[in-house]
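Below is one structure, written out as structure tokens; the observations come after it.
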Amino acid sequence: MILDLKNKRALVCGSTQGIGKAVALELAAMGAAVTLMARDEEKLKQVKAELPVNYGQLHSYMVADFNQPDQLRSLMSNFIQRSGPVHILVNNTGGPPAGPVQSARVEEFQAAFNAHLVCNHLLAQACIEGMKLSGYGRIVNIISTSVKQPLPNLGVSNTIRAAVANWSKTLANELAPYAITVNNVLPGATATGRLGAIINGRAIKTGLPEDVVKAEMLHEIPMKRFAEPQEIAAAVAFLCSPAAAYITGINVPVDGGRTSCL
Ligand SMILES: NC(=O)c1ccc[n+]([C@@H]2O[C@H](COP(=O)([O-])OP(=O)(O)OC[C@H]3O[C@@H](n4cnc5c(N)ncnc54)[C@H](OP(=O)(O)O)[C@@H]3O)[C@@H](O)[C@H]2O)c1
């Protein structure tokens, strides 16, 4: 099974912490030259310094804010001209704030649509031509199990994630003839800053202590534990590898069995 990513360039978004950082570390360990992307330049520098360089590959980073799609578009166009093709694109950013859908403001949907769907789209558009020319393309979108089963109190997120999943499936069908795969990884509850914020939000909403909220969340997971970011990264890395060449247009839940449907 070929997992080697030597001579491949990967762009990993939302990679200063959590799932994105774990993905960047894993892809670099497999040989890819990784470009990190997020807003916090200091953290980007720190993560870049942590990336393995066993194959002599050169890593880099780009500062970008997914709340500014127009800036992202011109940033990506300059980057591709300067650095050449991206073979692997991992679309990932912070999740929308929690809350019930009935009280969600229109601006919250618009912001989440921009940060998740529009930015994924601009990034993919910037990378597709190079993927076609180089004969290697992997696009992996980090979404959520809410694509299969909406989660309580994540109204805006549940809504926008569905749009991203259907965008992804459509793109997968269009790009399949070029040997470019497009897949979605759906993390379950994963031990990152995002999970901490969700637990805190539920505790405030219900008036329950955080450890009770956490115990309730664990109760819903057949494996009775949260995922480590590295466990999500392993699924992403496999989908980015040559071994996964015939897998496209799918959702891969990595959730300890929490999603109750197939
Ligand atoms: N953790 C979970 O339990 C879980 C479960 C299901 C789905 N997910 C989803 O998986 C994704 C990653 O989750 P995570 O837990 O790893 O999140 P996280 O720990 O909050 O990390 C988010 C990353 O995205 C970057 N980011 C946030 N806002 C950004 C923006 N406006 N522009 C550019 N970069 C931005 C952050 O870096 P900067 O702050 O430096 O920009 C950070 O590197 C999220 O969409 C989340 O909702 C997570």
Side-chain angles (χ1 to χ4, degrees), residues 11-26 34-48 50 61-73 75-76 90-99 111-120 122-123 140-165 168 184-202 213-214 217-218 220-221 225-233 235-236 251-256 258-259:
L11 172 57
V12 184
C13 306
S15 43
T16 49
Q17 63 182 50
I19 293 167
K21 177 180 174 181
V23 169
L25 287 164
E26 189 61 55
V34 173
T35 299
L36 305 163
M37 184 181 266
R39 292 166 301 180
D40 187 324
E41 186 161 13
E42 277 315 305
K43 283 198 199 166
L44 284 164
K45 283 183 189 164
Q46 283 166 23
V47 176
K48 179 175 166 271
E50 289 177 45
Y61 69 81
M62 269 193 287
V63 179
D65 184 351
F66 281 24
N67 295 315
Q68 310 288 340
D70 289 336
Q71 283 179 15
L72 181 67
R73 189 202 306 263
L75 194 74
M76 278 304 292
V90 179
N91 279 320
N92 176 54
T93 186
F113 189 80
N114 271 334
H116 289 262
L117 193 126
V118 173
C119 286
N120 286 4
L122 293 175
L123 287 154
V140 178
N141 308 298
I142 311 298
I143 316 186
S144 163
T145 56
S146 62
V147 163
K148 287 176 163 282
Q149 193 178 319
L151 297 166
N153 204 42
L154 288 172
V156 173
S157 179
N158 290 340
T159 308
I160 299 303
R161 309 292 192 175
V164 176
S168 167
N184 304 324
V185 168
L186 315 181
T190 309
T192 70
R194 165 78 173 166
L195 185 65
I198 286 175
I199 291 173
N200 178 260
R202 277 201 202 174
V213 173
K214 191 173 159 187
M217 289 177 80
L218 288 171
E220 292 167 7
I221 304 169
R225 66 176 179 86
F226 296 136
E228 292 302 324
Q230 295 78 2
E231 294 176 300
I232 313 300
V236 177
N251 290 320
V252 182
V254 186
D255 66 353
R258 185 183 66 180
T259 305

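Each ligand, and each atom within it, is numbered from 1 in the order the structure gives.
A heavy-atom distance below 4.5 Å is not found between the side chains of Arg161 and Val164.
The closest approach between any non-hydrogen atom of Ala64 and ligand 1 is below 4.0 Å. In this structure, Ser146 does not count as a contact residue of ligand 1, since none of its heavy atoms falls inside 4.0 Å of the ligand. The shortest separation from a heavy atom of Lys43 to ligand 1 is not under 4.0 Å, leaving the residue out of contact.
Ligand 1 has no nitrogen or oxygen under 3.5 angstrom from a nitrogen or oxygen of Ile142. Close N/O approach between Phe66 and ligand 1 is found [any backbone or side-chain N/O within under 3.5 Å]. Considering backbone and side-chain atoms together, His116 places no N or O closer than 3.5 Å to any N or O of ligand 1. Not one N or O of Ala38 is nearer than 3.5 Å to an N or O of ligand 1, by distance alone. Ligand 1 has an N or O atom lying under 3.5 Å from an N or O atom of Arg161, backbone or side chain.
Near Asp40, meaning under 4.0 Å from any of its heavy atoms, are these atoms of ligand 1: 40 (O).
Of the heavy atoms in Pro96, none comes closer than 4.0 Å to ligand 1. Contacts with ligand 1 closer than 4.0 Å are made by backbone heavy atoms (N, CA, C, O) of Ile143 only, the side chain lying farther away.
Here the CG atom belonging to Leu11 is positioned 5.0 Å from the CE atom belonging to Met76, to the nearest 0.5 angstrom. Distance CZ/Arg258 to CG/Leu186: 10.5 Å, rounded to 0.5 Å.
Residue Ile142 forms a side-chain contact (heavy atoms from CB on, under 4.5 Å) with just one option from Val90, Asn91, Asn184, and that option is Val90.
Nearest protein neighbour of atom 25 (C) of ligand 1, counting heavy atoms only, is Gly14 CA, 3.6 Å.
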